[in-house]
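None of the values given here were measured: they were computed from a predicted structure.
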Amino acid sequence: HIRIINNTMIDCGVGMFVPNNYYATNSYYVGSSLIGTQDLVMRDNTMEDTQNLAIWFYLNARVHDAQFIGNTVTGTPPRYAVYNQDSSSQSFVAHDNVIHADNPIYSRSAQQYTITDNTITGISDASRPCIYALNGHGVIRGNSCMDADGGIRITGVRSGNDVWIEGNSIGFSTGRV
């Protein structure tokens, strides 16, 4: 179990980095049923003026049941707030976060996701979605997307997988046309 709870990170290039950990991905050390980073919980953290990524699941990180809950990404928006880099990410949850970022939640092929009840502010750029998911399946529910002009973008859903998108709001701040 890994717990990252109630921390403040200011002016970091990357707030939390989950790499490909040889000892967590080699069956000699962990057994074949536990390969990867298991049961990672990141809760109630504040990332202020993070320059590139608030949370980064790196190539071959092999995360299982990662949870990003109740965190705040504030200040100068990072390029990515929650970034899954490849399909080795088995499952992740982004729930009840307050996020301001260029690309607030960006999942590049995580296999399963639950993205719920987040308050998200973008950078008023139509090329930047509030939530982006490539190739995975899961639930996107109850999120509030403000000035994340690219909306919710889902692509590459594979046969036999379901994506549920419901109860989200997408809008613009007062004074914008």
What do the steps show when you test S107 against F92 for side chain to side chain contact (heavy atoms under 4.5 Å, CB included), and what is the final call?
-> CA-CA 10 Å; S107 178; F92 82 95; 3.7 Å; yes

Are I170 and V163 grouped together when hydrophobic residues (ILVMFWY) are joined by side-chain heavy atoms under 4.5 angstrom apart?
-> yes

Is it true that V139 and I154 fall in one hydrophobic cluster, defined by side-chain heavy atoms closer than 4.5 Å?
-> no

Heavy-atom donor-acceptor pair, S91 side chain to D65 backbone, under 3.5 Å = yes

Partner set under side chain to side chain donor-acceptor pair (under 3.5 Å) for T74, not counting sequence neighbours | none

Who are the side chain to side chain donor-acceptor pair (under 3.5 Å) partners of R43, not counting sequence neighbours?
-> none

Residue set satisfying salt bridge (charged side-chain N to carboxylate O under 4.0 Å, His left out) with R141, at least two apart, ordered chain then number -> E166

Check against side-chain hydrogen bond (donor to acceptor under 3.5 Å, both in side chains), D149 and S124 | CA-CA 6 Å; D149 296 359; S124 304; 4.9 Å; no

Treat each ILVMFWY residue as a node, draw an edge where side-chain heavy atoms are under 4.5 Å apart, and state whether M47 and I123 are in one component.
-> no

Where at least one partner belongs to residues 88-122, residue pairs that pass disulfide bond (SG atoms under 2.5 Å apart), sequence neighbours excluded | none

Taking C-beta and beyond as the side chain, do F68 and I4 meet within less than 4.5 Å on heavy atoms?
-> no

Nearest atoms (heavy-atom pairs only) where V73 meets A54 | CG2-CB, 3.8 Å

Counting distance only, does the side-chain N/O of N168 pair as donor-acceptor with the main-chain N or O of I140 below 3.5 Å?
-> yes

Tell me, do F17 and Y58 make a side-chain contact under 4.5 Å, heavy atoms counted?
-> yes

Can you name the residues that form a side chain to side chain donor-acceptor pair (under 3.5 Å) with T50, not counting sequence neighbours?
-> none

Could you check N84 against S89 for side-chain hydrogen bond (donor to acceptor under 3.5 Å, both in side chains), going step by step and ending with a plain yes or no?
-> CA-CA 7 Å; N84 274 290; S89 291; 2.9 Å; yes

Under 3.5 Å: donor-acceptor pair, side chain of T119, backbone of V98 = no

Across all chains, not counting sequence neighbours, the ring-ring contact (aromatic ring centres under 6.0 Å, His included) partners of Y132 are Y106

Examine distances only and state if a side-chain atom of R108 and a backbone atom of Q85 form a donor-acceptor pair shorter than 3.5 Å.
-> yes

Minimum heavy-atom distance between P129 and A148, given as atom pair plus value | C-CB, 4.4 Å

Taking N71 for its side chain and M42 for its backbone only, find out whether a donor-acceptor pair lies under 3.5 Å.
-> yes

Which side-chain N or O atoms in residues 109-118 pair as donor and acceptor under 3.5 Å with protein atoms at least two apart or in another chain?
unit_1	atom_1	unit_2	atom_2	d
S109	OG	N135	ND2	3.3
Q111	NE2	S87	O	2.8
T116	OG1	H95	ND1	2.8
N118	OD1	D96	N	3.3
N118	OD1	N97	N	2.9
N118	OD1	N97	ND2	3.0
N118	ND2	A94	O	2.9
N118	ND2	T116	O	3.2
N118	ND2	N143	OD1	2.9

Residue pairs, two or more places apart or on separate chains, that pass disulfide bond (SG atoms under 2.5 Å apart) and touch residues 116-159 | C130-C145

Pair listing, disulfide bond (SG atoms under 2.5 Å apart) test, anchored in residues 83-116, at least two apart | none

Test item: N45 side-chain N/O and N6 main-chain N/O as donor-acceptor pair under 3.5 Å | yes

In this structure, CG of D44 is separated from CG of N7 (nearest 0.5 Å) by 10.0 Å

When you measure from the side chain of D147 to the backbone N and O of F172, does any donor-acceptor pair fall under 3.5 Å?
-> no

Indicate yes or no for a side-chain donor-acceptor contact from D86 to the backbone of L59 under 3.5 Å, with no hydrogens or angles considered.
-> no

Roughly how far, to the nearest 0.5 Å, is NE2 of H100 from CD1 of I120?
-> 11.5 Å

Who pairs with Y80 by side chain to side chain donor-acceptor pair (under 3.5 Å), at least two apart in sequence or on another chain?
-> none

Partner set under salt bridge (charged side-chain N to carboxylate O under 4.0 Å, His left out) for D39, not counting sequence neighbours = R3

ILVMFWY network linking I165 to I99, side-chain heavy atoms under 4.5 angstrom = yes

Can you measure from CG (D11) to CD (Q51) and round to the nearest 0.5 angstrom?
-> 6.0 Å

Work out which heavy atom in V18 is nearest to a heavy atom in I55; give both atom names and the distance.
-> CG2-CD1, 4.1 Å

Examine V157 and I105 and state if one hydrophobic cluster contains both, with Ile, Leu, Val, Met, Phe, Trp and Tyr joined whenever side-chain heavy atoms are less than 4.5 Å apart.
-> yes

Is there side-chain contact between P78 and L53, with at least one heavy-atom pair below 4.5 Å?
-> no

Which heavy atom in P77 sits nearest to a heavy atom in A101, and how many Å separate them?
-> CB-CA, 3.6 Å

Counterpart residues, salt bridge (charged side-chain N to carboxylate O under 4.0 Å, His left out), relative to R128 (two or more places apart) | D125

Any side-chain heavy-atom pair of I69 and V41 under 4.5 Å = no

Output, in order, the C-alpha distance, side-chain angles, deciding distance and verdict of side chain to side chain contact (heavy atoms under 4.5 Å, CB included) for V14 and M16.
-> CA-CA 6 Å; V14 176; M16 291 178 256; 5.8 Å; no

